[in-house]
Peer 1: 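For reference, the structure I am asking about is given below.
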Amino acid sequence: MKEVFDKIEEIEAFNSLKVFEAFNLNNVSEYHFNYTTGYGYNDVGRDVVESVYSSVFKAEDALVRAQFISGTHAISVTLSAILRPGDVMMYITGKPYDTLDPVIGLREDISSLISYGIFYKQVDLVDSKFDYDKIKNNLIGVKVVCIQRSKGYSNRKSLSISDVSEVIKFIKNINKDVIIFIDNCYCEFVSDKEPVEVGADLVVGSLIKNLGGGIVSSGAYVVGRKNLIHLVANRLNVCGGAKEVGPSFNMNREFLKGLFYAPMAVSNSLKTAVFTSHLLESKGIEVVPKFDEERVDIVQSIIFNDKELLIKYCQGIQNGCMIDSNVLVQPSVIPGYDNEIIMASGSFTQGSSIELSCDGPLREPYIAYQQGGVSYQFAKIGVLKAFEKIEEFL
Ligand SMILES: *Cc1c(COP(=O)(O)O)cnc(C)c1O
């Protein structure tokens, strides 16, 4: 794995410099760790956090808030902010992540986007590639094109920056006014470019994933064009207040420290994924990606084709987590998801998946999605515990 690890460390070095330069450019100082309460007027720490995010992403503006519960919430607020009744949105990466079903109205919900008169279209990927003909044929009248880079609970490959770059050029060539929205969850700092650099208008991600670095205890970010960020701030906060309101409580220091740790946390998560992939493939289990394949997110899919193996592996990961290592996790119905899900996540922050975690819906072909590993050495303990649980059945 040495050569693969070397490449991961090169990207880590590149992104560390990117974060350093953003802190330096924005004069991040100790007084930025102060915070506001109540309305949150004149929160210089909050403002510097958002300037740093703009620099890192090379975006015009950013909204980085603890008032966002998670990635799903940020996606929900962002789409609600930019779409109006009668508008058409189109996902070009197939069915979106499961928790977005009720948000969009793919599963009926009284407050879904569809319930407000927004129209939803979807173009599926073909062999994990964009279907250019179908995209072109369906583009008329579309206001927002949505791209989900990471695979979610699907059996496809995740999409690289060059894949995204190509399709954005294609779409903007046909209609430059289409808003390109990117769900960037799990992809930050895996490569040396982020989506705004290749023409995306709005990019969203969770802070209990990559950019929180395992430090941040809640929140999400949205970066992109200034006029669009203003709309998102209006919807999250209040018209009139927009970005000027929203107390940061004690989060400014966490947000900055999390970003400082993020290149390292992502690097360790990638090493954990590579180790897992190598180990399990050598024992005849199907893995995506293979250990030496290009990675564009921190997710390792393990295709068990067997319900019991999936359950046992997740139980093993839980036994190797720092928190609740003696819990025997069971499949269960979880709000926002359709199938029964098994989730191993013994984390310091609830649901944090930059910490070692492994989950999957109980449906064929019984894929475990493993991600995270803030510390490679600790995560390796978890993976080996999981392997012990399934070894005798292989
Ligand atoms: C995790 C994830 C989300 C949702 O993020 P949460 O922070 O868990 O709400 C959305 N999209 C994708 C592709 C994800 O992987």
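Order of appearance sets the numbers: ligands from 1, and atoms from 1 within every ligand. These numbers come from a predicted model, not from an experiment. In what follows, residues are counted from 1 in the order of the sequence shown.
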Peer 1: Atom 12 (C) of ligand 1: which protein heavy atom is closest, and how many Å away?
Peer 2: Asp183 OD2, 3.4 Å
Peer 1: Enumerate, atom names and distances included, each donor-acceptor pair closer than 3.5 Å involving a side-chain atom of residues 199-209, sequence neighbours excluded.
Peer 2:
from, atom 1, to, atom 2, distance (Å)
Asp201, OD1, Lys172, NZ, 3.3
Asp201, OD1, Arg225, NH1, 2.9
Asp201, OD2, Lys172, NZ, 2.7
Asp201, OD2, Ile180, N, 2.8
Ser206, OG, Ile208, N, 3.2

Peer 1: Which is it for Ser206 and ligand 1 at heavy atoms under 4.0 Å: side chain, backbone, both or neither?
Peer 2: side chain
Peer 1: Of Phe304, Phe387, Tyr369, Phe393, which is the lone residue that meets ring-ring contact (aromatic ring centres under 6.0 Å, His included) with Tyr313?
Peer 2: Phe304
Peer 1: Show me which atoms of ligand 1 lie under 4.0 Å from any heavy atom of Tyr186.
Peer 2: 15 (O)
Peer 1: Passes side-chain contact (heavy atoms from CB on, under 4.5 Å), Leu270 versus Ser267? Steps please.
Peer 2: CA-CA 5 Å; Leu270 288 169; Ser267 167; 5.6 Å; no
Peer 1: Atom 3 (C) of ligand 1: which protein heavy atom is closest, and how many Å away?
Peer 2: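 For atom 3 (C) of ligand 1, the nearest protein heavy atom is Lys209 NZ, 3.3 Å.
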Peer 1: Show me, pair by pair, the donor-acceptor contacts under 3.5 angstrom made by side chains of residues 258-266, not counting sequence neighbours?
Peer 2:
none

Peer 1: Any nitrogen or oxygen of Gly71, side chain or backbone, less than 3.5 Å from one on ligand 1?
Peer 2: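 Looking only at distances, the answer is yes, because the N/O contact criterion of under 3.5 Å is met.
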Peer 1: Do ligand 1 and Ser150 have nitrogen or oxygen atoms that lie under 3.5 Å from each other?
Peer 2: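 N/O-N/O distance below 3.5 Å does not exist for this pair.
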Peer 1: Taking Val190 as the starting point, is it possible to reach Tyr376 by hopping between hydrophobic residues whose side chains are less than 4.5 Å apart?
Peer 2: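 Same cluster: Tyr376 reaches Val190 through Ile, Leu, Val, Met, Phe, Trp or Tyr contacts under 4.5 Å.
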Peer 1: Flag the pair Tyr221 / Phe57 as yes when their ring centroid distance falls below 6.0 Å, and as no otherwise.
Peer 2: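 Yes, ring centres under 6.0 Å apart.
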Peer 1: So which bit of Gln148 gets within less than 4.0 Å of ligand 1, heavy atoms only: side chain, backbone, both or neither?
Peer 2: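 For Gln148, only side-chain atoms sit under 4.0 Å from ligand 1.
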Peer 1: What do we get for Thr72 next to ligand 1 when only non-hydrogen atoms under 4.0 Å count, side chain, backbone, both or neither?
Peer 2: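 Both of them.
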